[in-house]
Amino acid sequence: MAKDYDFKAIEKKWQNYWYKGNIFEVTEDPNKEKFYSLIEFPYPSGSGLHVGHIRAFSSMEVISRKKRLQQYNVLFPIGYDAFGLPTENYAIKTKQHPRKVTDSNIKKFEEQLKSIGYSFCWDRTVDTTDPSYYKWTQWIFIQLFKKGLAYKSKTTVNFCPECKVVLANEESQNGVCDRCGSEVIQKEKDVWFLKIRDYAETLLSGLSTVNFPERIKTEQENWIGKSTGAEVTFQIISGDDQHPVVVYTTRPDTIYGATFLVLSPEHPIIHAIEENIQNLPEILDYQDKARHKKEFERVQLSKEKTGIILKGIKAINPLTNKEIPVFVADYVMMDYGTGAIMAVPAHDKRDWDFAKAFGLPIIEVIKSDVDVQKEPYVEKNDKGIMVNSPLINGLPVPEAISKMIHEMEILGVGKPKTDYKMKDWAFNRQRYWGEPIPIVNCKKCGQVPIPEEQLPLLLPEMKDFSPTDDASSPLSKCSDWVNTVCPICGGPATRETDTMPQWAGSSWYFLRYMSPKDDNFAVNPEAYSYWGQVDWYNGGMEHVTRHLIYSRFWNQFLYDIGVVTNKEPYARRSAQGLILGADGEKMSKSRGNVVNPDDVLKDYGADVLRTFILFIGDYEKPAPWSPDGIKGCQRFLSRYWALQDILKPDKYVDNSDLNLDLLIKKVDGDYENCKFNTAIAFLMTALNTIFSRGCVTKKEINTISLLLNPVAPHITSELFSIINDGAMIDKAVFPKYNPDKLVMDSVEIPVQIMGKLRGKVVIQTGSDEESVMATVKEQGLLDGKTVLKVIYVKDRIINIIAK
RNA sequence: GCGAAAGUGGCGGAAUUGGCAGACGCGCUGGACUUAGGAUCCAGUGAGGAUAACUCAUAGGGGUUCAAGUCCCCUCUUUCGCACCA
């Protein structure tokens, strides 16, 4: 009998072999095919690794180890996305420097990751807060600035009074701060933006060139929110003057049904025509109220339409030349389209609600069975036919749209227009622990990027980097650093005191891994030409509309300026599901259902933890942690260990019950498709077969060891070396299956009579219908019935229709 | 409201894409070995039925088919994403 498996000692032994020997480090080797597998690098929080990380990393860990055994040159790097608020807040609270906090957190993460046995290329570790890294984050910002893709503009921003930081729209959904959950308020500020909207089209079209799950593509498409339509100019009559107001519509074909115009409360035209607005005080009051409603409130209170007519003001429908009333209403948003709409109540729910509330005319322009006076008819299938629309009567909607746009162009009142929901990326934060924005403000020269040879622009050393109450950056308190000279004219100038958002460093880290120590390039061109695209990137669904879009944007920009040669950074993307607490709820400290991986490691060891996290369920779906379930994986691995006790020379073993070729095909294929749970289930079944047979061959142990090695590398390394006189499993080759040997000689198939299961017969593989029927009769399954019809699916099933 | 995905034993989940529903694991029941069992091994385990034949079972209802968890129609539920987007 083999000794009990001492996971503590054996896991330590192999980790030493891997990490001291640096065996996962790779160099560009043109003779070997490369494989670049990437995980989302962690934020090194003080609480350390959680089980969610382990699920997220384990998929690419399995793929990386498997690809190495399959003789690929595998780049599987690790790093830390270490700028950010929690570290800074913790540093302030504990009166330490964030640098110190970050370093000790990173150290802890590294120890934990190594104790799980991950096969990262440790020599390539990057840290976004390292000046040698953020030098290049700043460099990319300067390139964006030089191309006019970084600009500063005054806007109202979402401000979290708790974190004292400006938030992007993505970080303040539903009007609450993403981080602390407190209510966001609106504040007027100068804000840096990156013109991601300029890349909306290529971000959209690029999706067709990559292998992302459909749900991820859909989410990104929705986020970008492309719509096509037209801009149409209405003239507003204000006293003796006419003012053009442009509306955006996706349905220019319905313009004959446009019976009123609605302006957003913020629309600038209101100020221009205010002398002719007879009920101006009422309007000003409404504007004021709208301003105090936060954006999310305007959205949430959408049930009731409010608005006020502009008395004394009219607009002209440019197609009918009829006068129509003009309203201001907060259901129209200033930041989408043009901030003004033509309302077509017959065919738009919101316009219809508004028209009903204000007693406005409703004119049907698309034929339907619906009485549009009673409910709006919203066209969905593009099959409607236009009515009451002189220029386009009788046309189906799609043709009506293009004809109408054409007519509008002739009349000079409209033109085609494409719009996007996605807004430019607010790119600054008023915090200390981030990359300083490398721009100097000079009274004479304006905004001047600091010369590239002066990068990195280091964060100044400060004693007190707590946030200010007035929403300006802590860096503004550091006057020595703020006051500088203009790189162009040499005159006095001041530095930008804001820092970049946390998304900055993570937008290009996958490139830095290729040449993490290069001083001359963000990414070394030679290294890039070898590693190129990330072959497979796994991460969370929560990053699909932020990090994944931002980093695609940066990569596309770097492609445009010739830094990289692939337009898309990631060839394939997968996403793991959440690990929930044992109660099926999201893990959280307040619920007390958090599983600490260190405890699991202590009780079961790394291999069991790794196996279980992959066996727990469908990789892409959420799965509750099961404290009992993990025991099944522990038993599985100890049964695997016990294989050595029943090892017999090949000639004494009848192994016709186990098809190794099929096993290889299933396991390999399941790994490639993220079906880790079923891959492990197949290996369990193989062990069940072997143990019920009672003996095992060396070939079987070796095949199973190699198949299982990516999941449980320690125990398989050990057993492989025991069985093979000290040979190293990482020098072995992953097994290949023989396609000719996938089918067994005989197969048992079900026999159905009248569609009901009535028995089973064992047949030679590939038998024809006659011989199967003969077997069926032989076994008396027909019971003297008359056969009317037989449906036989080869090697699968036979169904007999009989009386 | 719009869009997407999903609903299978006590639980996590399988099902070669229309072909034996419940693989694999947990849990549970009985047994063996044990001073002991939160160790290990063996057997059983969807429900009903005399533990037999058989019948019923994949959210509910209808349909297509020799054959439906899988395809079609309707209803319900859940999760996720987007949301006064013009």
Side-chain angles (χ1 to χ4, degrees), chain A residues 4 173-174 213-223 225-227 229 247-251 254 258 262 264 296 298-305 329-333 335-344 348-351 353-354 378 380 419-422 541-542 544-545 577 582 584 611-612 615-618 620-633 635-636 638-639 642 662 666 669 675 677-688 691-692 748-760 788-801:
Chain A
D4 277 356
Q173 290 180 30
N174 298 321
E214 236 10 81
R215 56 177 176 155
I216 291 182
K217 287 191 183 182
T218 310
E219 262 189 52
Q220 293 210 346
E221 278 162 12
N222 288 344
W223 189 256
K226 181 178 180 171
S227 67
V247 305
Y248 175 68
T249 177
T250 56
R251 296 299 299 275
T254 61
V262 189
S264 151
F296 83 99
R298 266 169 74 167
V299 174
Q300 304 232 305
L301 300 172
S302 63
K303 319 289 174 249
E304 294 282 309
K305 294 277 175 296
D330 66 6
Y331 81 91
V332 175
M333 303 292 160
D335 56 9
Y336 182 75
T338 59
I341 63 156
M342 60 177 216
V344 184
D348 181 286
K349 175 98 175 42
R350 296 152 301 173
D351 296 347
D353 289 345
F354 195 83
V378 182
K380 270 181 198 157
D419 209 348
Y420 303 92
K421 287 186 215 170
M422 183 171 65
M541 281 306 283
E542 69 276 20
V544 165
T545 52
T611 307
F612 180 59
F615 183 66
I616 198 167
D618 185 335
E620 314 232 296
K621 293 196 190 121
W625 179 265
S626 159
D628 285 326
I630 193 167
K631 286 175 193 155
C633 290
R635 282 176 203 145
F636 165 58
S638 44
R639 274 157 74 80
L662 190 60
K666 284 300 299 182
K675 301 281 180 200
N677 53 339
T678 48
I680 293 166
F682 271 101
L683 290 166
M684 288 172 168
T685 311
L687 288 201
N688 290 347
F691 277 101
S692 62
E748 188 186 53
I749 65 163
V751 179
Q752 289 183 347
I753 292 169
M754 304 297 287
K756 301 254 183 215
L757 183 68
R758 284 294 180 266
K760 290 176 188 185
L788 301 176
K789 190 180 173 189
V790 175
I791 297 109
Y792 172 57
V793 182
K794 206 177 207 177
D795 299 341
R796 200 50 70 74
I797 196 166
I798 185 162
N799 189 5
I800 299 159
I801 311 303

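Chain naming here is simple, since letters A, B, ... match the order of the sequence lines and numbering starts at 1 in each. Since the structure is predicted, the reported quantities are computational estimates derived from the model, not experimental observations.
Taking a pair to require two hydrogen-bonding distances under 3.5 Å in either a Watson-Crick or a G-U wobble arrangement, B:C80 pairs with B:G3. Taking a pair to require two hydrogen-bonding distances under 3.5 Å in either a Watson-Crick or a G-U wobble arrangement, B:U17 remains unpaired. If you check B:G30 for Watson-Crick or wobble pairing at under 3.5 angstrom, you find it paired to B:C42. With a cut-off of 3.5 Å on both pairing distances, the Watson-Crick or G-U wobble partner of B:U55 is B:A47. Across all strands shown, B:C11 forms a Watson-Crick or G-U wobble pair with B:G25, both key distances being under 3.5 Å. Both distances falling under 3.5 Å, in either a Watson-Crick or a G-U wobble arrangement, occur for no nucleotide opposite B:A86. Remark: B:G37 base-pairs with no nucleotide in the shown strands. Criterion, Watson-Crick or G-U wobble with two distances under 3.5 Å.
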Problem set entry | Full working for salt bridge (charged side-chain N to carboxylate O under 4.0 Å, His left out) between A:Asp628 and A:Lys631 | CA-CA 6 Å; A:Asp628 285 326; A:Lys631 286 175 193 155; 3.3 Å; yes
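Between A:Tyr336 and B:A86, a side-chain N or O to OP1/OP2 separation shorter than 4.0 Å is present. Between A:Arg635 and B:U40, a side-chain N or O to OP1/OP2 separation shorter than 4.0 Å is present. Under 4.0 angstrom from either OP1 or OP2 of B:C41 there lies at least one side-chain N or O belonging to A:Arg639. Distances shorter than 4.0 Å separate some side-chain N or O of A:Lys756 from OP1 or OP2 on B:C56. A close approach under 4.0 Å does occur between a side-chain nitrogen or oxygen of A:Asn688 and OP1 or OP2 of B:G25. A:Asn677 has a side-chain polar atom (N or O) that falls below the 4.0 Å cut-off from OP1 or OP2 of B:A14.
Counting only N and O atoms by type, the side chains of A:Tyr336 and A:Ser227 include a donor and acceptor under 3.5 Å apart.
In this structure, the nucleotide among B:G19, B:G27, B:A86 sitting nearest to the side chain of A:Asp628 is B:G27. In this structure, the nucleotide among B:C66, B:C20, B:A86 sitting nearest to the side chain of A:Ile791 is B:C66. Out of B:A86, B:A23, B:G12, the shortest distance to the side chain of A:Thr678 is found at B:A23. Closest to the A:Lys305 side chain, of the nucleotides B:C66, B:C84, B:G25, is B:C84. Residue A:Thr218 places its side chain closer to B:G3 than to any other of B:G13, B:A23, B:G3. Considering only side-chain atoms of A:Glu219, the nucleotide from B:G81, B:C20, B:A39 that sits closest is B:G81.
Taking the C1' atom of each, B:G62 and B:A14 are spaced 28 Å apart, rounded to whole Å. The gap from the C1' atom of B:U35 to that of B:G30 amounts to 23 Å, rounded to the nearest Å. Nucleotides B:G27 and B:C72 place their P atoms 39 Å apart, quoted to the nearest Å.
For A:Ser638 and A:Lys789, each mapped to the nucleotide of RNA chain B holding its nearest heavy atom, the one lying further toward the 5' end belongs to A:Ser638. Comparing A:Ile630 and A:Ile797 along RNA chain B, the residue whose closest nucleotide (by nearest heavy atom) sits nearer the 5' end is A:Ile797.
For A:Lys760 and B:C20, a side-chain-to-base donor-acceptor distance below 3.5 Å is present, hydrogens and geometry of angles not being considered.
Heavy atoms from other residues, nucleotides or ligands lying under 6.0 Å from NZ of A:Lys217 number more than 12. Crowding of A:Phe682 atom CZ: a count of heavy atoms from other residues, nucleotides or ligands under 6.0 Å not exceeding 12.
Here the two rings, on A:Tyr420 and A:Trp223, have centers that are 6.0 Å apart or farther.
In this structure, A:Asp419 contributes its side chain and A:Gly337 its backbone to a donor-acceptor pair below 3.5 Å.
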